[in-house]
2 protein chains.
Amino acid sequence: MGQGKNQYQIIRTALNEQIESGALKPGSKLPSERLLSEKFGTTRITLRESLSSLEADGLVYREDRRGWFVSPERVTYDPTVNANFHTMVTRQGRLPDTRMIHADLVPATGRVQKLLQLPALTPVYRLQRLRSVDGRNVLYVENYINPAYFPDLLKHDLSRSLSDVYQEHYERQYARVSFRIYPVGLNTEASSHLKVTTGSSGLLVERTNYDQSGVLIDCDFEYWRQDAVVISADTRVT
Amino acid sequence: MGQGKNQYQIIRTALNEQIESGALKPGSKLPSERLLSEKFGTTRITLRESLSSLEADGLVYREDRRGWFVSPERVTYDPTVNANFHTMVTRQGRLPDTRMIHADLVPATGRVQKLLQLPALTPVYRLQRLRSVDGRNVLYVENYINPAYFPDLLKHDLSRSLSDVYQEHYERQYARVSFRIYPVGLNTEASSHLKVTTGSSGLLVERTNYDQSGVLIDCDFEYWRQDAVVISADTRVT
DNA sequence: TGTTTAGAATGGTATATACCAGTTAAGCAG
DNA sequence: CTGCTTAACTGGTATATACCATTCTAAACA
């Protein structure tokens with residue numbers, strides 16, 4: 001346990017202590033790589049080893065070409081407790097926001113078609129949205145929705161929670177959810193929206209959602225910043 | 001999407017195609033870094049960028065100082081379906097194994113004390129076990145068990161599932177589970193047992209378990225190889 | 001005062017090289 | 001054939017350097 005003897009681990013430990021002592025506050029920017037490597041008497045490459053190690057632990061994160069920052073506290077995400085992002089984040093004393101990137105109707109293919117159990121090329125609504133906590137983008141979501149159950153969905157305000165729109169205009173609500181969690185490298189799409197380097201690790205939460213009658217109504221792909229979330233659930237064992 | 005223009009991404013794509021085409025089979029060893037970097041006309045550092053990227057996606061993995069290997073298919077792990085590793089893995093047509101590393105009685109401290117809601121320094125059983133699938137170590141687990149409910153626990157065979165021992169000798173079974181999933185860098189302990197480089201990313205599943213009477217009986221910390229598992233659950237929304 | 005723009009700074013990517021530490025296979029002694 | 005030692009090989013870590021792409025800053029301008 002603790003400080004290994006390798007140089008990059010020593011530096012890692014030093015930075016770690018700076019963070020835990022509060023000398024570096026959550027959200028604040030670290031000094032530049034060049035300055036840090038000079039201070040620690042090493043090269044940028046080794047310094048970046050240390051930072052990558054801290055990144056893997058979710059203690060720091062980076063924004064593409066902008067620099068390294070101290071990670072804020074993780075948001076707790078419970079996929080089994082009413083699928084409402086805004087309520088969940090607000091309850092934790094944080095400030096949520098959702099930004100609609102794109103909404104359209106596309107033919108179901110590949111994974112979407114399989115998850116929604118539709119004939120090939122059936123048109124489905126696709127929502128691409130970006131969600132932030134305290135001003136930091138943490139989650140890129142793609143929703144795929146069976147239009148049979150939600151005619152004219154795109155006419156409504158989709159910057160809020162989908163579940164609210166479902167309940168208010170269609171009298172449907174999430175009642176059962178099936179989800180799978182993959183540790184992955186973020187793809188180009190997710191990376192660019194989250195402003196992280198392509199391929200940096202993240203968490204993919206793939207969900208399929210059923211309404212109160214057991215009807216499969218939609219699925220979504222949630223690409224989380226790796227350091228932004230802890231998945232939590234409390235369930236009966238079956 | 002797809003092949004970016006950077007060299008390491010081009011190499012990444014090339015290796016990826018080799019894997020998907022089946023030219024490199026799951027579990028097989030890749031050529032050495034030096035040989036690969038020569039074949040792709042680049043340096044080891046850049047080649048390692050490509051490999052790390054594939055590693056982040058769980059397509060390849062490495063064993064410390066032994067080399068790079070093609071990742072086998074992920075095991076699906078459902079924390080809500082009867083906590084039995086052997087049954088779960090066997091059902092997926094894979095071969096499970098559990099190896100006991102150490103078992104003892106230690107004072108509850110820190111996170112363990114908090115999770116088990118015990119007075120400080122209360123003695124608890126600690127089990128350290130290593131679990132493999134098809135001969136590959138994928139999971140390092142530490143169990144912490146309240147001895148009040150399981151007197152003389154260490155006298156039984158603990159290379160099998162705990163839940164079996166619980167049921168057979170103590171008439172208790174898992175009935176409710178609370179779990180949290182953190183993407184983390186693996187600590188020294190877990191890394192060494194899983195034979196991965198210290199700090200390489202993994203998944204920490206922290207569980208607290210309750211029996212049929214709602215009594216909090218144990219907690220555990222499961223350190224998974226990042227590429228070895230997909231967490232899956234199906235639950236009612238509450 | 002607000003906008004444009006050129007230059008500085010920063011992180012991203014890449015080459016070349018070297019030595020260390022653990023693994024593995026070959027060779028040797030018994 | 002078995003057990004031990006040794007040497008080659010592999011990945012892990014580290015230094016030094018360079019150029020590119022984007023972001024940021026501050027000066028020049030409207």
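To find a chain, count down the sequence lines: A is the first, B the second, and so on, and within it residues start at 1.
Applying the 6.0 Å contact sphere to NZ of K39(B) captures no more than 12 heavy atoms from other residues, nucleotides or ligands. Heavy-atom contacts from other residues, nucleotides or ligands closer than 6.0 Å to CD of Q92(B) number more than 12.
Here H86(A) contributes atom NE2 and S163(A) contributes atom OG; the two are 9.5 Å apart, rounded to the nearest 0.5 Å.
Contacts between residues 51-62 of chain A and DNA chain C, defined by a heavy-atom separation under 4.0 Å, are made by R62(A).
For the pair R136(B) and Y61(B), the cation-pi criterion (under 6.0 Å, within 45° of the ring axis) is fulfilled. Cation-pi geometry between R111(A) and F221(A) is not met: the NZ or CZ atom fails to fall both under 6.0 Å from the ring centre and inside 45° of the normal.
Looking at R66(A), its side chain has no donor and acceptor atom pair within 3.5 Å of the base of dG11(C).
We find that CD1 of I45(A) is positioned 18 Å from P of dT10(C), with the value rounded to whole Å. Rounded to whole Å, atom P of dG12(C) lies 12 Å from atom CG of L47(A). Regarding L36(A), its CG atom lies at a distance of 12 Å from the C1' atom of dG11(C), rounded to whole Å. In this entry the distance linking NZ of K29(A) with C1' of dG11(C) reads 9 Å, nearest Å. Regarding R48(A), its CZ atom lies at a distance of 8 Å from the P atom of dG11(C), rounded to whole Å. Between the CD atom of E63(A) and the P atom of dA9(C) there is a distance of 22 Å, rounded to whole Å. Note: OH (Y8(A)) to P (dC20(C)) measures 18 Å, nearest angstrom.
The existence of a salt bridge linking K195(B) and E63(B) is excluded, since no basic side-chain nitrogen approaches an acidic carboxylate oxygen closer than 4.0 Å. Classification of R129(B) and D220(B) as a salt-bridged pair fails, no side-chain N sitting under 4.0 Å from a carboxylate O.
Residue whose closest nucleotide on DNA chain D sits further toward the 5' end, between D64(A) and Q7(A): Q7(A). Each of R44(B) and L35(A) has a nearest nucleotide on DNA chain C; the 5'-most of these lies closest to L35(A).
Residue contacts shown for T43(B) include a base, since a base heavy atom lies under 4.0 Å away.
Using a 3.5 Å distance cut-off with no hydrogens or angles, the side chains of T98(A) and R131(A) do pair a donor with an acceptor.
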Inset, instruction - Dump the intermediate steps for side chain to side chain donor-acceptor pair (under 3.5 Å) on Y223(B) and E189(B), then the final yes or no. - result: CA-CA 10 Å; Y223(B) 297 89; E189(B) 188 79 24; over 6 Å; no
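Chain B approaches DNA chain D within less than 4.0 angstrom (heavy atoms of the protein), and the contacting nucleotides run 5' to 3' from dT10(D) to dA14(D).
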